[in-house]
Amino acid sequence: MSANEGTRAYDAVIVGGGHNGLVAAAYLARAGWSVLVLERLDHTGGAAVSTRPFAGVDARLSRYSYLVSLLPRKIVRDLGLDFRVRSRTISSYTPVERSGRPTGLLVGGGEQRTRAAFARLTGGDREYTAWQRFYGRTAQVAQRVFPTLTEPLPTRDELRRRIDDESAWRALFEEPLGVCVEETFADDLVRGVVLTDGLIGTFADAHDPSLDQNRCFLYHVIGGGTGAWDVPVGGMGALTDALAGAARAAGAVIATGHEAVRIDTGRDTAEVAYRTRDGEGAAAARYVLVNASPRELAALTGDPAPEPAEGAQLKVNMLLERLPRLRDPDADPREAFAGTFHIAEGYRQLATAHAQAAAGELPTAPPSEIYCHSLTDPTILGPELAGRGYQTLTLFGLHTPARLFDRDNDAVRDELLKSTLAQLDAHLAEPLADCLATDADGRPCIEAKTPLDLERDLRLPGGNIFHRALSWPYAGPGDGRWGVETRHDRVLLCGAGAVRGGGVSGVPGHNAAMAVLERG
Ligand SMILES: Cc1cc2nc3c(=O)[nH]c(=O)nc-3n(C[C@H](O)[C@H](O)[C@H](O)COP(=O)(O)OP(=O)(O)OC[C@H]3O[C@@H](n4cnc5c(N)ncnc54)[C@H](O)[C@@H]3O)c2cc1C
């Protein structure tokens with residue numbers, strides 16, 4: 001497709017070729033609709049992509065998002081995607097120093113091992129029993145909530161009746177998460193491990209009255225009806241490629257290098273003006289589905305901007321020649337790094353880091369979590385690297401809101417990266433720097449992205465990985481039937497900013513497609 005070729009008409013024009021835009025495109029094209037996807041970058045996928053970030057190095061890293069939980073099997077089946085996930089044998093490992101000695105908590109590898117790991121750390125059975133009861137209840141909530149994500153929005157009362165557990169409802173939907181965490185668990189490290197699921201990409205305290213941490217927690221424990229976080233085989237780009245393939249095979253036109261610059265909308269049709277390297281053009285549609293953020297949507301339609309939505313994470317991608325040895329003599333790096341490796345995420349440490357960042361300072365002990373993709377799925381490494389035992393490492397840092405980088409993004413990124421890696425090094429028997437591979441130019445294979453980098457590269461508002469704070473999975477005022485409706489009849493959201501959006505789920509893409517198919 002080229003610019004300056006007159007205004008063509010489609011049943012649907014989709015603004016953004018992120019994974020959700022592609023899900024919507026594939027559903028609509030399979031239903032026989034003519035579909036055009038406009039993506040400003042020269043590739044599809046948005047925050048769900050694989051890239052080779054290091055010069056001359058054949059390692060295809062999931063550059064931004066890296067684990068899959070919220071993608072319903074139904075979407076994979078409906079669209080006939082050739083896409084698989086693999087479960088992790090270890091759920092998490094958290095190193096800590098107790099009584100001057102390095103130790104840690106390994107969750108996974110079977111019930112007996114996990115029980116023994118809790119006993120080793122806490123000296124008894126109490127915390128493990130509490131853990132099992134707590135996650136048994138979240139699993140029940142998951143089984144009831146997850147299937148509703150791809151149905152029309154339930155009301156709050158309908159969802160509450162469906163969950164049918166008043167104390168779980170209160171703990172997850174009404175009281176700040178910190179209340180339940182403190183009532184249920186006594187050990188600071190165990191409390192911290194539980195709380196982190198409420199803080200991914202979400203700048204909140206355990207007792208934040210906004211309950212942002214509760215919504216984030218909910219989305220982290222309901223995926224697939226179990227809350228398991230799985231490894232996408234081939235990396236996150238494998239999902240995007242499968243989706244783009246499905247959309248194209250069904251007849252959708254995907255135009256990369258096409259940036260939407262304006263949406264004009266009336267009662268019966270809408271028109272999207274776009275810009276390419278060669279010029280400008282326009283496409284008319286019965287419906288426009290916006291995969292870009294709510295902020296971008298407002299800019300395109302000329303509506304007032306929504307409330308600012310700030311991201312708060314640091315993302316670091318690395319390639320190692322070998323996994324580092326650990327100070328904890330009972331921990332095997334091949335297990336510890338296979339799950340989520342928590343650093344400086346004790347409950348009190350998280351509270352301190354949040355308070356420091358809220359006061360405008362970088363946390364002195366930045367919390368983060370780390371995971372090695374290639375231990376579970378080595379296919380992302382070229383044969384030579386895999387043969388030499390190289391491993392990838394992904395680090396996701398918490399509690400560093402975009403505003404902290406305003407003064408000098410490059411300098412603050414460097415400072416934060418240094419202090420984050422120092423927290424990791426404190427638990428290693430050899431410095432991480434000694435294990436880093438080097439690229440074709442002799443530079444260490446490590447890259448870091450701040451919220452401002454993500455805003456620049458992906459147009460995530462304030463670097464927010466979910467486009468805005470996550471929403472409750474029930475209807476709020478003005479949310480419409482599917483949670484994708486906007487104030488314009490012909491314009492819908494089909495991205496993370498919709499109700500029940502956020503994360504690699506395809507859910508808002510599916511729901512926007514269902515909403516317009518219903519209307520016809
Ligand atoms: C560092 C990081 C780590 C994450 N980790 C995970 C994880 O492990 N698991 C998980 O489930 N989620 C994770 N997430 C969140 C998840 O990746 C996102 O919520 C999800 O990818 C959003 O998908 P989307 O398709 O709705 O939007 P996006 O991926 O943001 O795609 C939107 C697309 O719209 C395009 N666009 C924007 N404006 C225009 C315009 N004017 N014209 C044309 N195109 C436009 C953009 O270029 C982009 O391609 C992570 C996100 C980040 C950034």
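Indexing begins at 1, ligand by ligand and atom by atom, following the structure's order.
In this structure, NE2 on His373 lies 8.5 Å from CG on Leu381, to the nearest 0.5 angstrom. Note that CD1 of Ile465 is 10.0 Å distant from NZ of Lys315, once rounded to the nearest 0.5 Å.
We find that Arg459 and Glu259 are joined by a salt bridge, their nearest charged nitrogen and carboxylate oxygen being less than 4.0 Å apart. Look at Asp453 and Arg456 and you find a salt bridge, because one of the NZ, NE, NH1 or NH2 atoms lies within 4.0 Å of a carboxylate O, short of that distance. Taking 4.0 Å as the cut-off between side-chain N and carboxylate O, Arg63 and Glu447 count as a salt-bridged pair.
Counting the atoms of ligand 1 from 1 in the order shown, those under 4.0 Å from a heavy atom of Asn291 are 24 (P), 25 (O), 26 (O), 27 (O), 31 (O), 32 (C), 33 (C). Distances below 4.0 Å separate heavy atoms of Gly46 from the following atoms of ligand 1: 29 (O), 31 (O), 48 (C), 49 (O). Per-residue contacts place Leu41 under 4.0 angstrom from the following atoms of ligand 1 (heavy atoms of the residue considered): 47 (O). Ligand 1 places these atoms under 4.0 Å from at least one heavy atom of Leu38: 43 (C), 44 (N).
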Handout entry: Stepwise salt bridge (charged side-chain N to carboxylate O under 4.0 Å, His left out) check, Arg403 with Asp406
Key = CA-CA 5 Å; Arg403 66 192 98 134; Asp406 280 343; over 6 Å; no
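Neither the backbone nor the side chain of Tyr274 comes within contact range of ligand 1; no heavy atom lies under 4.0 Å. When non-hydrogen atoms are compared, ligand 1 lies under 4.0 Å from the backbone of Arg40 as well as from its side chain. If you look at Lys315 next to ligand 1, the close heavy atoms, those under 4.0 Å, all belong to the side chain. The proximity of Leu460 to ligand 1, defined as any non-hydrogen pair under 4.0 Å, is limited to the side chain. When heavy-atom distances to ligand 1 are checked against a 4.0 Å cut-off, Ile465 comes that close through both its backbone and its side chain.
Ranked by closest heavy atom to atom 42 (N) of ligand 1, the top entry among Pro508, Gly21, Ala260 is Ala260. Taking only non-hydrogen atoms, the option from His43, His467, Arg295 nearest to atom 30 (O) of ligand 1 is His467. For atom 29 (O) of ligand 1, the nearest non-hydrogen atom from the set Ser293, Ala47, Gly18 comes from Ala47.
Of the polar atoms of Glu259, none of the N or O atoms is found under 3.5 Å from an N or O of ligand 1, judged by distance alone. Below 3.5 Å of separation, one finds no N or O of Val15 facing any N or O of ligand 1. Checking only distances, Trp229 never comes within under 3.5 Å of ligand 1, N or O to N or O. Residue contacts with ligand 1: Leu454 is placed with no nitrogen or oxygen under 3.5 Å of a nitrogen or oxygen of the ligand (distance criterion only). Residue Ala292 has no nitrogen or oxygen atom sitting less than 3.5 Å from a nitrogen or oxygen atom of ligand 1, judged on distance alone.
Tested against Tyr371, the residues Phe341, Phe337, Trp229, Tyr66 include a single ring pair (Phe, Tyr, Trp, His ring centres under 6.0 Å) partner, Tyr66. Partner of Leu61 under the side chain to side chain contact (heavy atoms under 4.5 Å, CB included) criterion, out of Asn317, Val49, Thr394: Asn317 alone.
Using a distance-only test at 3.5 Å, with no hydrogens or angles considered, no donor-acceptor pair links the side chain of Arg286 to the main chain of Asp11. Using a distance-only test at 3.5 Å, with no hydrogens or angles considered, a donor-acceptor pair links the side chain of Asn291 to the main chain of Gly18.
Taking the six-membered ring where the residue is Trp, the centroids of Phe203 and His399 are separated by under 6.0 Å.
Using cut-offs of 30° and 60° on the angle between ring planes, the pair Tyr274 and His258 is tilted.
For atom 13 (C) of ligand 1, the nearest non-hydrogen atom of the protein is Ser65 CB, 3.3 Å. Closest to atom 20 (C) of ligand 1, if we only count protein heavy atoms, is Gly503 O, 3.6 Å.
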